[in-house]
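All chains are named by letter (A, B, ...) in the order of the sequence lines, taking the proteins before the strands, and each is independently numbered beginning at 1. We use all heavy atoms of the structure for the numbers below, so side chains are in, but hydrogens, waters and symmetry mates are not.
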2 protein chains.
Amino acid sequence: MNLGERQKRILRAVIDRYIESAEPVGSKAIAHSNDLNLSSATIRNEMSELETLGLLEQPHTSAGRVPTPQGYRVYVNELMQQYRLTLAEVEEINRALSSRLRQLDNLLENIGSLTARLTSYPALSVSAPTPDLSIVRFDLIHVDAGLFIIVVMLSNKTVKNKLVNLPHPVDSVLLAKVAAVFNAHVANLPESDITPSLIASIERALGDTQGIVAIVASYAIEILSDAKHREAHISGTTHLFEHPEYRDIEKAQRLMRYLSDDTELKHLPSPDFEDAGSMKIIIGPENLVEELKDTSVIVARYDAGDDMQGLIGIIGPTRMDYSRMAARLSFIAQSLSRLLRQETPHPMLGRGQNFRIRRPGQTPDR
Amino acid sequence: MNLGERQKRILRAVIDRYIESAEPVGSKAIAHSNDLNLSSATIRNEMSELETLGLLEQPHTSAGRVPTPQGYRVYVNELMQQYRLTLAEVEEINRALSSRLRQLDNLLENIGSLTARLTSYPALSVSAPTPDLSIVRFDLIHVDAGLFIIVVMLSNKTVKNKLVNLPHPVDSVLLAKVAAVFNAHVANLPESDITPSLIASIERALGDTQGIVAIVASYAIEILSDAKHREAHISGTTHLFEHPEYRDIEKAQRLMRYLSDDTELKHLPSPDFEDAGSMKIIIGPENLVEELKDTSVIVARYDAGDDMQGLIGIIGPTRMDYSRMAARLSFIAQSLSRLLRQETPHPMLGRGQNFRIRRPGQTPDR
DNA sequence: GGTTAGCACTCGGGGCTTTTGAGTGCTAAT
DNA sequence: ATTAGCACTCAAAAGCCCCGAGTGCTAACC
């Protein structure tokens, strides 16, 4: 695709304008705008050239031009201005990230809804499968009678827990013993090594554990095998309606229906990115999935250590603010990587009464 | 409001029909339907009577009648048939509840999205403030270096945790000591008793704890003071679009915008219910909030012990299937109460490899 | 009395036609 | 190579008309 300098300028002007107006742009609109100072007639000639190249098209004879997917492709690859985030944007993102990432419980949902909020597009959040995940630590906390809690810490430093209720009372000494054995013999094993025979041998060694060993083992396996699959989550779907292309309720609903099916989302592109912050932009028909043929997807990868990576992405009409959104997404992904890797910096001392952390030898301020 | 028997029948017929068709219903449509066998003319007379009573109205002269909010009120209070859930409905609800309530992590969201799914209306889930909540147990789990996890068990049997990262290594013995002191002196206290002076005295007793005491204390306070406020959550907003009254995108968006603001939702009715499963139906303009003036809200309370209660509710157009939805909501609330109180019955032994629980003396099957 | 058949009247919505105007391509002049 | 001018196109908005569901009223009927 060899475009003259002027053609590039015109193409960019058309797309920029179309992105913000959502309406076919005509020759006049371009003519006086921007730096290029040409008459509308000249623009028309160039536009019709761009049309035969397949970069623009007319919805109907007497309308302005609209970019084709290939047009967007060229725009994204070569023409798009690198959008620089404003200070306000950077601050907003940082603030949102650091305040919302405190609890690592359901990271996936949190990250998703955060991204949606920060981009005003429906956002998806996909966890990379982490087949090497292991449980680094087991704790069994006795509540009362037959009630106890399994707390496991995973190698990606998240914590999962589950309340178990047995029909008969259990003994906290027994629980401690079971936990100790699991810490000694099951912790740090990959799922495939947690075999029935291993469990059986533990049961044999411990004597009658009233089924506790089996329960803990199956919970461990459940968690680890969950981690083998990608998990996907979508949020902010209502942002769709902010875009005129989804004025048509039917169309919007069709897409929503597709999006709200988590299992479908898992099959989304798993681009082979090199490093965190790298991005992929998929325009309209480049999507393999039928339902997404007229939407664009921007995905970025975040990477917070071996057992913790994933994708965040946004979905919108092909007429998308690629430049700005790519910048935001990439920034979010990078910040995310950084934040997750370094963990929560300092505990939030916020609301309500709270206490200052004062280290010895430090002078109290004011 | 003294209605004749026949008027009641007619009013009910009109509303029933309007609820399912969403279109003004005329005299003919009613005439031959149902049990009442009258000519359309007679119906017309009665209808115009009902109109002067303010129970019906005409969108325009040559259209059928539509119920007014007062009309719905009468319907809900006196006319509505008690809808009996079908077996299929009951089973579906039970299945959904028991499979989704395994992890008590983010109960609020789970309950909300469950309700939305089961009713096909946008659903809200509000936690009752639990000012008496206390922490019944602290555990500090050392990860490595300066990294440790605070796990607290609350009196409502949920578990919260947080990862803390200190810039200097900590000692697991120290952590255990701190946990022990917290369990002895802070556990089971209401928030108001966790005073700075108490914390100070703990710090004094323990000597230098490298700030750990302060961190744990502020986390405890954070959690307990969170519990003082109602939390609200909404899900299934997209169900709005299934109803013709929200064909108008503007209108739908206005409502959505209101709904997606969690903080607003907290100010929703906190009806003074007596017991779990009781319901409240708020019709159109009875809502105090401007944005909800033409929607109806059904709320039901669930109640799973002292420190665990809340409201679930659904929101929809005034033309709502009150009868069926009230039945479902009430059933959901009751089941929820029951399930949460009795806790998870048996751990799920599901996916992947798993182990049978075999108690001694039991013969292995097959 | 209550009920019903009949009739004139109303008026929103669907379908059809007209008008408007933004935008084009082409040609001829610069 | 650029531009002014002009004839042409066509979607969308505006206008128009008609249809028919539904009404209220009146007069007849039981």
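- In summary, the side chains of R44(A) and S27(A) do present a donor paired with an acceptor at a separation below 3.5 Å, with no hydrogens or angles considered.
- With dT4(C), dG25(C), dC11(C) as the choices, the nucleotide that has an atom nearest any side-chain atom of T61(B) turns out to be dC11(C).
- Nearest nucleotide to the side chain of E51(B), out of dG25(C), dT3(C), dG24(D): dG24(D).
- L50(B) has its CG atom 12 Å from the P atom of dG24(D), to the nearest Å.
- At least one side-chain heavy atom of R73(B) sits less than 4.5 Å from a side-chain heavy atom of I281(B).
- Rounded to an integer number of Å, the gap from CG of N45(A) to P of dT24(C) is 11 Å.
- Below 30°, between 30° and 60°, or above 60°: for F241(A) and F241(B) the angle between ring planes is below 30°, a parallel geometry.
- A straight line from CD of E23(B) to C1' of dG20(D) spans 14 Å, rounded to a whole angstrom.
- Distances shown here put a side-chain N or O of T42(B) below 4.0 Å from the OP1 or OP2 atom of dT4(C).
- Within 4.0 Å (heavy atoms only), S27(B) reaches sugar-phosphate atoms of the nucleic acid but no base atom.
- When distances run from any side-chain atom of Q58(A) to the nucleotides dT24(C), dT23(D), dT4(C), the shortest one goes to dT24(C).
- Taking only side-chain nitrogens and oxygens, R44(A) never comes nearer than 4.0 Å to OP1 or OP2 of dG5(D).
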Could you go through Y83(B) and E89(B), starting from their C-alpha distance and side-chain angles, then the distance that decides it, and tell me whether this counts as side-chain hydrogen bond (donor to acceptor under 3.5 Å, both in side chains)?
CA-CA 12 Å; Y83(B) 180 81; E89(B) 286 176 306; 3.1 Å; yes
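- Heavy-atom minimum distance, P59(A) versus E57(A): CD-O, 3.8 Å.
- Annotation: of the two residues near DNA chain C, M47(A) and S40(B), the 5′-most nearest-nucleotide partner is S40(B).
- Between R65(B) and dT23(D) there is a side-chain N or O to OP1 or OP2 distance below 4.0 Å.
- Comparing dT10(C), dT4(C), dG24(D) against the side chain of S62(B) picks out dT10(C) as the nearest.
- For the pair Y18(B) OH and dG22(D) C1', the interatomic distance rounds to 16 Å; values are reported in whole Å.
- Picking from dG25(C), dT24(C), dT4(C) the nucleotide with the shortest atom distance to the side chain of S48(A) gives dG25(C).
- Rounded to an integer number of Å, the gap from E49(B) CD to dG2(C) P is 11 Å.
- Between the CZ atom of R17(B) and the C1' atom of dA21(D) there is a distance of 14 Å, rounded to whole Å.
- One interatomic measurement links the two molecules: CD of Q7(B) to P of dG2(C), which rounds to 12 Å at whole-angstrom precision.
- Rounded to a whole Å, the NE2 atom of H60(B) is 10 Å from the P atom of dT23(D).
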